[in-house]
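In the text below, chain A, chain B and the rest are named by the order of the sequence lines, each starting its count at 1. Quick note: numbers below take in every heavy atom, side chains included, and nothing from hydrogens, waters or symmetry partners. Worth saying up front: this structure is predicted, and the values here are computed from it rather than measured.
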Amino acid sequence: MTLDITIKQENQVLTVYLKGELDHHAVSKIKDTIDLNILKAPVKKLVLDMSGVTFMDSSGIGLIVGRFNRIRSFGGSMTIKNPSQTLLKILKMSGIDQLMKIN
Amino acid sequence: MQPINRMKIEFDSKSTNEAFARVVVAAFAAQLDPTLEDLADLKTSVSEAVTNAIIHGYEQKTGTIYMECILYSNSIKVIIEDHGIGIEDIEKAKTPAFTTKPELERSGMGFSVMESFMDTLHIESEKGKGTKIIMTKRFSRD
């Protein structure tokens, strides 16, 4: 199982498109890629587009909270876009919906 | 309650096997024709248990994970066992957001997910001997 990552930056908005299964194995491979892109340019908003994510466990929660803390330390914000109903269940269960916008 | 089918496998504690384990369990459970939501809950819980064994049980070193599934007429029991370092305080480990590995950005939600997504969760662990997770899921039918 693989997780594909595509990153687009426009103005100060960094949008990360994920496609595949988001577990501990995948998280360890993409975490640094996202962080490097946050660091290399001034980013005020991080958008995580999860429309292509077909599976996520609590490792994904760790990835999201970690990136949220990082972008917040630079005074930025984070939004999650297009999670499936299955993903929404775990996002709500872990309280992510209280930390950031999900739409 | 009589089992109608049973399977047992073992595999290395490699992170690539997280997906392997959840797909195998889902394929085995599919013969009961569960709903997609039940299947997703089962896959997520298996992934949590296997990831715990890899990261916490074996601390990302080489080890063997033992997985057994028992099917009943409308439910499944999944047993996932490692012979790693064990859990010192099970109740503390079950506390939402508690993690012994914050440096790895672990959310500490693994046991909460298993408790929430499965119908029963039982944890047996002994320090230095390993951990056994026993969980069951009843399937609702469409």
Side-chain angles (χ1 to χ4, degrees), chain A residues 1-4 16 18-36 38 46 48 50 52-73 78 80 83-100, chain B residues 11-26 35-60 65 80 93-118:
Chain A
M1 305 284 171
T2 57
L3 182 82
D4 294 328
V16 177
L18 298 176
K19 190 179 176 190
E21 302 201 342
L22 191 54
D23 60 7
H24 156 246
H25 179 70
V27 164
S28 59
K29 298 195 177 309
I30 64 162
K31 193 169 70 176
D32 292 345
T33 307
I34 299 173
D35 285 351
L36 278 173
I38 292 174
L46 175 63
L48 202 57
M50 306 192 83
V53 177
T54 53
F55 172 87
M56 185 178 86
D57 61 17
S58 70
S59 299
I61 300 300
L63 174 87
I64 293 167
V65 173
R67 307 294 70 68
F68 171 76
N69 289 335
R70 188 164 291 265
I71 196 78
R72 206 170 57 158
S73 71
M78 183 171 172
I80 293 176
S84 66
Q85 284 303 313
T86 310
L87 262 60
L88 204 53
K89 187 173 171 182
I90 194 166
L91 288 169
K92 285 187 174 172
M93 198 214 95
S94 54
I96 293 286
D97 57 329
Q98 306 295 312
L99 287 179
M100 65 193 79
Chain B
F11 49 88
D12 286 352
S13 59
K14 294 176 187 292
S15 65
T16 47
N17 286 334
E18 293 156 5
F20 166 74
R22 61 179 180 261
V23 167
V24 163
V25 174
T35 62
L36 287 177
E37 186 180 358
D38 282 348
L39 213 48
D41 290 351
L42 179 65
K43 283 173 74 178
T44 308
S45 303
V46 167
S47 199
E48 299 292 356
V50 171
T51 303
N52 272 358
I54 293 169
I55 296 178
H56 300 286
Y58 290 117
E59 298 189 297
Q60 310 203 65
I65 296 172
I80 294 170
K94 285 166 73 180
T95 308
F98 173 80
T99 180
T100 54
K101 304 247 185 289
E103 73 281 5
L104 296 180
E105 291 189 348
R106 302 304 305 161
S107 67
M109 295 300 291
F111 283 129
S112 301
V113 168
M114 287 182 248
E115 274 185 323
S116 170
F117 287 14
M118 299 294 278

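- Of the possible polar contacts, none joining the B:Glu48 side chain to the A:Asp57 backbone as a donor-acceptor pair under 3.5 Å is found.
- Side-chain N or O atoms of A:Arg67 include one that pairs as donor or acceptor with a backbone N or O of A:Leu63 at under 3.5 Å.
- Contacts between B:Lys14 and chain A at a heavy-atom distance below 4.5 Å are absent for every atom of the residue.
- Only the side chain of B:Asp41 comes within less than 4.5 Å of a heavy atom of chain A; its backbone N, CA, C and O stay farther away.
- Without hydrogens or angle criteria, A:Ser58 side chain to A:Ile61 main chain gives no donor-acceptor distance under 3.5 Å.
- Residue B:Thr51 touches chain A through its side chain alone, counting heavy-atom pairs closer than 4.5 Å.
- Contacts between B:Ser116 and chain A at a heavy-atom distance below 4.5 Å involve the side chain alone, from C-beta outward.
- Summarising the geometry of B:Ala93 relative to B:Phe111, their closest heavy-atom pair is O-CD1, 3.4 Å, with the distance given to 0.1 Å.
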Verify side-chain hydrogen bond (donor to acceptor under 3.5 Å, both in side chains) between A:His24 and B:Glu18, making sure each step is shown before the conclusion.
-> CA-CA 8 Å; A:His24 156 246; B:Glu18 293 156 5; 2.4 Å; yes

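- Heavy atoms of A:Thr86 lying under 4.5 Å from chain B belong exclusively to its side chain.
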